[in-house]
**Student:** 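One structure coming up, written as structure tokens, with questions to follow.
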Amino acid sequence: MEVQQLQDVLFTTAAPDNNNISYRENLIGTLLAIFGHFVVSIALNLQKYSHVRLAGFKDSRSYFKTKTWWSGLFLMIIGEIMVFSSYAFAPLSLIVPLSAVSLIASSLIGIIFIKEKWKPKEFFSCGLTIIGIYLLVTFGPNSHEKMTGDVIVKHLVSWPFLVYTLVEILVFCSLLYFYKQKNANYLIVILLLVALLDSTTVVAVKAVAGMIVVSIQGTMQLGYPIFYIMFVCMVATAIAQASYLSQASQLYDYALIASVNYILSTSIAICAGAIFYVDFLGEDVLHLCMFSLGCLLAFLGAFLITRTGKKKKTFEPYVTMSSLPAGLQSMYDNGNAVQPEFGSFSYGALQNNDMSEMYSPATLPVVNEEASPAPPYKTLDHNKTE
């Protein structure tokens with residue numbers, strides 16, 4: 001009887017300690033992710049400022065000689081290390097949505113340094129994002145386990161993740177087929193490819209970061225082959241993401257890419273974390289609903305932040321007839337462009353839908369001189385004496 005009472009006392013006192021440790025690790029991971037994204041945003045703006053300032057120089061690499069660019073690079077490394085470390089402490093589904101902090105940080109930097117004026121819509125969008133982040137952190141998952149090699153292998157060979165991996169590979173191959181073979185250069189197709197790769201990246205990042213932290217704490221994990229497999233997956237998928245994002249930036253607006261990519265990548269990464277690391281195991285319905293609400297508010301706020309930016313007027317490298325004087329407009333179709341739309345395949349050439357007409361000889365109009373009327377002008381005879 002006394003032994004049973006002692007066990008009850010030990011278990012009841014140990015549970016609060018475990019909860020305190022879990023909440024403390026969540027707090028550490030959340031703070032590392034928030035400050036990491038904030039520092040990365042400052043670093044990107046510093047490097048952008050250096051590029052813009054030296055845009056007129058003949059040497060295209062003159063920014064390498066500036067302290068501003070190197071300061072931005074140093075801050076970016078610091079911020080990425082902080083974000084990387086955050087995955088070792090907090091659940092993956094909690095860390096991934098916090099990348100919206102970078103959007104808020106960019107807006108704050110624009111107010112403080114560039115002296116941009118905010119409109120009520122921008123205050124509203126940032127407020128939505130902050131509320132969403134607060135709900136994510138408050139009602140986020142609280143599952144924790146040491147990222148040892150055996151634990152990662154156990155999750156890797158579990159049947160839910162194997163089914164998820166099979167579905168993800170089929171979807172990725174289908175999208176890649178339409179993108180490469182059918183020339184489906186739609187934004188949603190490219191960013192879905194990026195999001196599927198990102199889900200693999202964050203799963204590998206958490207595994208690598210967790211094993212490094214466990215090794216630092218005293219239990220060496222770097223001897224497991226799964227560590228190097230995850231490291232290769234992390235690097236390979238990150239490089240592939242950068243390639244597809246570069247292709248998307250050449251076709252679409254950067255602000256639209258940032259918002260849609262955040263929504264798609266975060267959604268698929270949360271699903272991957274819930275399946276691989278079982279982040280939401282044991283969570284009640286209230287926490288799940290509030291976490292979902294926080295995600296929706298963060299998505300909506302991020303979309304509004306990128307859509308309320310000032311749209312720059314694109315340069316039109318062709319002449320329209322409406323810009324000519326009134327006397328010349330009657331000679332041509334009013335308002336029609338001389339050149340086709342800039343960026344199209346027919347830019348700089350005449351539009352011709354029928355390819356056979358490109359090779360047919362041109363026919364000139366024949367004027368019948370016999371039926372030609374008298375000239376409407378008066379001829380003058382000049383004498384030789386003149």
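All values below come from the heavy atoms of this structure, side chains included, with hydrogens, waters and symmetry mates left out.
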**Student:** Test: ring pair (Phe, Tyr, Trp, His ring centres under 6.0 Å). Region: residues 119-140. Which pairs qualify, not counting sequence neighbours?
**Tutor:**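 Residue pairs passing ring pair (Phe, Tyr, Trp, His ring centres under 6.0 Å), neighbours aside: Trp118-Phe123, Phe139-His287.
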**Student:** Could you identify which residues cluster with Leu136, counting Ile, Leu, Val, Met, Phe, Trp and Tyr as linked when any side-chain heavy atoms lie under 4.5 Å apart, either directly or through a chain of such contacts?
**Tutor:**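 In the cluster with Leu136 are Ile270, Phe280, Leu288, Phe291.
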**Student:** So do Asn26 and Asn142 actually touch side chain to side chain, heavy atoms under 4.5 Å?
**Tutor:**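 A side-chain contact under 4.5 Å exists here.
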**Student:** Side-chain donor-acceptor contacts of residues 76-92 below 3.5 Å, not counting sequence neighbours, with atom names and distances?
**Tutor:**
| unit_1 | atom_1 | unit_2 | atom_2 | d |
| --- | --- | --- | --- | --- |
| Ser85 | OG | Ile81 | O | 2.8 |
| Ser86 | OG | Val83 | O | 2.5 |

**Student:** Can you name the ring-ring contact (aromatic ring centres under 6.0 Å, His included) partners of Phe38, sequence neighbours left out?
**Tutor:**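 Residues passing ring-ring contact (aromatic ring centres under 6.0 Å, His included) with Phe38: none at all.
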**Student:** Sequence neighbours excluded and cut-off under 3.5 Å, please list the side-chain donor-acceptor pairs for residues 157-165, or say none.
**Tutor:**
| unit_1 | atom_1 | unit_2 | atom_2 | d |
| --- | --- | --- | --- | --- |
| Ser158 | OG | His155 | O | 2.7 |
| Thr165 | OG1 | Phe161 | O | 2.7 |

**Student:** Using distance only, find each side-chain donor-acceptor pair of residues 179-195 under 3.5 Å and give its atom names and separation, not counting sequence neighbours.
**Tutor:**
| unit_1 | atom_1 | unit_2 | atom_2 | d |
| --- | --- | --- | --- | --- |
| Tyr179 | OH | Gln247 | OE1 | 2.3 |

**Student:** With sequence neighbours excluded, give me every side-chain hydrogen bond (donor to acceptor under 3.5 Å, both in side chains) pair touching residues 290-301.
**Tutor:**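 Counting only pairs at least two positions apart or across chains, no side-chain hydrogen bond (donor to acceptor under 3.5 Å, both in side chains) contact touches residues 290-301.
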**Student:** Kindly write out the residues that satisfy side-chain contact (heavy atoms from CB on, under 4.5 Å) with Thr129, not counting sequence neighbours, or none if the list is empty.
**Tutor:**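 With sequence neighbours excluded, Thr129 shows a side-chain contact (heavy atoms from CB on, under 4.5 Å) to Ala100, Ile104, Ile133, Ile305, given in chain and number order.
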**Student:** Is the side chain of Asp279 donor-acceptor paired with the backbone N or O of Ser93 at a distance under 3.5 Å, no angle test?
**Tutor:**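 Checking the backbone N and O of Ser93 against the side chain of Asp279, a donor-acceptor pair under 3.5 Å is found.
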**Student:** Check side-chain contact (heavy atoms from CB on, under 4.5 Å) between Ala236 and all other residues, then give those that pass, not counting sequence neighbours.
**Tutor:**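 Ala236 satisfies side-chain contact (heavy atoms from CB on, under 4.5 Å) with no residue once adjacent residues are dropped.
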**Student:** What pairs meet the ring pair (Phe, Tyr, Trp, His ring centres under 6.0 Å) rule with one or both residues in residues 240-263, with sequence neighbours excluded?
**Tutor:**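 Passing the test, one end in residues 240-263: Tyr262-Phe299.
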**Student:** side-chain hydrogen bond (donor to acceptor under 3.5 Å, both in side chains) with Asn261: which residues, sequence neighbours excluded?
**Tutor:**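 Partners of Asn261 by the side-chain hydrogen bond (donor to acceptor under 3.5 Å, both in side chains) criterion, ordered by chain and then number, come out as Ser265.
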**Student:** Less than 3.5 Å apart, which donor and acceptor atoms pair up between the side chains of residues 220-235 and the rest of the protein, not counting sequence neighbours?
**Tutor:**
| unit_1 | atom_1 | unit_2 | atom_2 | d |
| --- | --- | --- | --- | --- |
| Gln221 | OE1 | Gly149 | N | 2.9 |
| Tyr228 | OH | Leu222 | O | 2.8 |

